[in-house]
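Have a look at the structure below, then the notes.
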Amino acid sequence: CVPRCNVGSAIASKLLMQRKPVILVAPEANNGKHEQRSLAAAAVSKWNLDYLEKSLARMPCTVYRSGTRQFRYWDHDKATADAAANSEPHIEKLAMPITDFAKHVRQSANDKTRSSRSNGNSNHSDKFMKSTNNGDNGNGSIDDRSEGKESAADSSTRLYLQTALVEGVGEQLLNDFRSFDWEWLFQEQRRLGWGEL
């Protein structure tokens, strides 16, 4: 499980320095005052499935498929011959219309709702895209399974949408992306000695 840490917290800084994964979140309100750095406020406040479907409708999207909850980076084109011969790909890279990705997500949400209703809990579907326990694993991936029960829709598959913002992307989504706190990110890039972003 990837930890969620407040931006600028000592633990987040330590994990970043150790090059370990961490999900950076805005700090909780402190006595009604927000002393937060909003890295991607525009995305957090409105990038839901409907918005992405509208904004990415005119282009193929890059989607990664995994048979597990883990999406380990694997680029077959960049792997050495030995590594490629001795290792199974961890993920599969696909070109997929956003409508197909959205259909998969909605089917997973419906399956979770049916499963939770049969278990006496009907509250899952409202939280599917927001809660780490009900679909979004905190890393952008969509989990098809509900509490160990397999989904009727391709139960062994998890999908992760990670597409480039290129020509064909809706203008509003591009404006949202431009509003991210790039200055902070580039400062962190230099501080941590990261390569190009």
Side-chain angles (χ1 to χ4, degrees), residues 1-9 11-13 15-16 20-30 33-66 69-71 73 91 93-106 108-109 112 124-143 158-192 194-197:
C1 184
V2 178
R4 293 175 176 265
C5 299
N6 289 344
V7 174
S9 69
I11 187 72
S13 183
L15 290 168
L16 289 169
K20 292 186 178 177
V22 60
I23 299 169
L24 301 175
V25 297
E28 297 293 322
N30 183 9
K33 297 179 182 177
H34 282 279
E35 298 175 17
Q36 68 183 25
R37 164 166 255 110
S38 183
L39 302 175
V44 171
S45 65
K46 65 182 174 183
W47 285 19
N48 60 32
L49 192 56
D50 292 333
Y51 182 77
L52 292 176
E53 219 174 345
K54 196 180 306 179
S55 297
L56 301 172
R58 298 187 325 224
M59 58 179 287
C61 295
T62 301
V63 174
Y64 295 93
R65 178 170 40 206
S66 175
R69 290 178 174 216
Q70 296 182 354
F71 285 80
Y73 180 75
I91 57 172
K93 184 178 181 179
L94 307 168
M96 179 183 291
I98 188 68
T99 52
D100 290 355
F101 178 80
K103 180 180 176 182
H104 182 86
V105 170
R106 289 186 178 107
S108 294
K112 283 179 173 281
H124 285 298
S125 63
D126 295 337
K127 299 177 183 175
F128 181 72
M129 293 299 291
K130 295 181 181 176
S131 170
T132 58
N133 294 325
N134 299 303
D136 178 355
N137 292 317
N139 61 4
S141 67
I142 302 301
D143 181 1
R158 275 111 174 136
L159 298 179
Y160 176 87
L161 174 68
Q162 181 180 332
T163 198
L165 300 181
V166 296
E167 187 175 333
V169 170
E171 189 64 29
Q172 186 57 51
L173 189 135
L174 283 175
N175 289 337
D176 296 342
F177 181 73
R178 290 178 188 122
S179 74
F180 291 1
D181 192 347
W182 293 107
E183 181 180 337
W184 178 85
L185 185 59
F186 289 131
Q187 286 173 355
E188 288 298 286
Q189 175 193 21
R190 288 187 295 277
R191 183 178 76 84
L192 297 167
W194 291 343
E196 288 186 38
L197 296 179

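Quick caveat, the model's predicted, so the values are computed rather than measured.
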- Rounded to the nearest 0.5 Å, how far does CZ of R190 lie from CG of L185? 10.0 Å

- Message: For the backbone of S9 and the side chain of N6, can you confirm whether one donor and one acceptor N or O come within less than 3.5 Å of each other?
- Response: no

- Task: Evaluate side-chain contact (heavy atoms from CB on, under 4.5 Å) for K46 paired with Q172, printing each intermediate quantity in order.
- Result: CA-CA 11 Å; K46 65 182 174 183; Q172 186 57 51; 3.1 Å; yes

- Taking atom NE2 of H104 and atom CG of D100, what is their separation to the nearest 0.5 Å? 11.0 Å

- Message: Could you go through E167 and R58, starting from their C-alpha distance and side-chain angles, then the distance that decides it, and tell me whether this counts as salt bridge (Lys or Arg N to Asp or Glu O under 4.0 Å)?
- Response: CA-CA 9 Å; E167 187 175 333; R58 298 187 325 224; over 6 Å; no

- L173 vs L52 side-chain heavy atoms within contact, under 4.5 Å: yes

- How are the rings of F180 and W47 set relative to one another: parallel (under 30°), tilted (30 to 60°) or perpendicular (over 60°)? tilted

- Message: Out of the candidates L94, T163, V63, only one should pair with F101 under the side-chain contact (heavy atoms from CB on, under 4.5 Å) rule; please name it.
- Response: V63

- Task: Indicate the atoms forming the closest heavy-atom contact of T62 with L161, along with that distance.
- Result: O-CD1, 3.6 Å

- Note on the structure: dist C5:SG -> L24:CG (nearest 0.5 Å) comes out at 7.5 Å

- State, yes or no, whether a side-chain contact exists between P3 and I11 at a heavy-atom distance under 4.5 Å. no

- CG on L56 to CE on M96, rounded to 0.5 Å: 13.0 Å

- Query: How close do V7 and L39 get, heavy atom to heavy atom, and via which atoms?
  - Reply: CG2-CD1, 3.8 Å

- Interatomic distance, CG@L165 vs CZ@R178, rounded to 0.5 Å, equals 9.5 Å

- Message: For the CZ atom of R106 and the CG atom of L49, what is their distance to the nearest 0.5 Å?
- Response: 4.5 Å

- Note on the structure: All heavy atoms of A164 vs all of V169, minimum pair found to be O-CG2, 4.1 Å

- Item | Candidate pair R191 and S13, rule side-chain contact (heavy atoms from CB on, under 4.5 Å), full reasoning | CA-CA 10 Å; R191 183 178 76 84; S13 183; 3.4 Å; yes

- Message: Under 4.0 Å between a side-chain nitrogen and a carboxylate oxygen: does that hold for E53 and K103?
- Response: no

